[in-house]
Amino acid sequence: MADTPAGKQRPKDTAPLKRPRLIIFDCDGVLVDSEPLSFRVLRDNVAAAGASIPMQDCYKLFLGKSLATTTEILSRDFGVDFSSADLESMRLQLFDLYRKELRPIPGIAELLRTLDLPVCVASSSQLERIRLSLEITGLLSAFDPHIYSASMVTNGKPAPDLFLHAARVMRTAPEDCLVIEDSPAGIEAAKRAGMSVVGFTGGGHAQTDSHRAGLEALEPAAVFGEIATLQRYI
Ligand SMILES: [Mg+2]
């Protein structure tokens, strides 16, 4: 999706942010284009368990949320209870698909090469999955060991815990952090952490007007679809 066209830009898209001292990247949908793959595996397994959830509804319900939250919603609202063996099977299906099809977000490697600020990753995924995603796409060395997972805190996004944990370990005050996020849950988490946040719509799952509108409704400092645009806000 193109960025907001010139002339249609609203003031909040051009407002200067305080220069951050740390950039916190979400992983799925910001560094790697993983959500279409992850949601394909989720939807297929939910269907095999007897429930049908259209892809767009899957995104609305589960995007940016941890496995714990996802399984809770599936059980409560759809009567789908995955056993630990089911979850392990899904994990293997997903890793197999990642190895075959996972790609980095276009332009992210170039951006990371030119950034002159500390960076870290804070993701709702399990640590093993984050590391595998970054390894497959050649991005691991840009972040390692500064990779933080929802499994390290009690409450996942939209709670602020994970971003606050990342800032604490990186010895940076929340107000000096800039978060880049593709999900409403992530934007809400960053705001609740007292951090600046921008919304990103360049992932394969995020290129719809309704997704963009969902991010804009939460009033991040900007919403854009080309990763290089981040340079404007740092
Ligand atoms: Mg994400």
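In each ligand, atom 1 is the first atom listed, and ligand 1 is the first ligand listed.
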Handout entry: Heteroatom N/O/S of Asp26 within less than 2.8 Å of the Mg ion (ligand 1)
Key = yes
Problem - Pair Asp26 + Lys157, salt bridge at N-O below 4.0 Å - result: yes
Exercise for the section: Answer yes or no: is there an ion pair linking Lys18 with Glu175, defined by an N-O contact shorter than 4.0 Å? Expected result: no
Exercise for the section: Could you check which N/O/S atom of Asp28 is closest to the Mg ion (ligand 1)? Expected result: O
Exercise for the section: Could you tell me whether the side chains of Asp182 and His211 share a donor-acceptor contact shorter than 3.5 Å? Expected result: no
Problem - N/O/S atom of Asp182 inside 2.8 Å of the Mg ion (ligand 1), strictly under - result: yes
Practice task
Please determine if Glu219 and Lys191 form a salt bridge, counting it only when a charged side-chain N lies under 4.0 Å from a carboxylate O.
Solution key: no
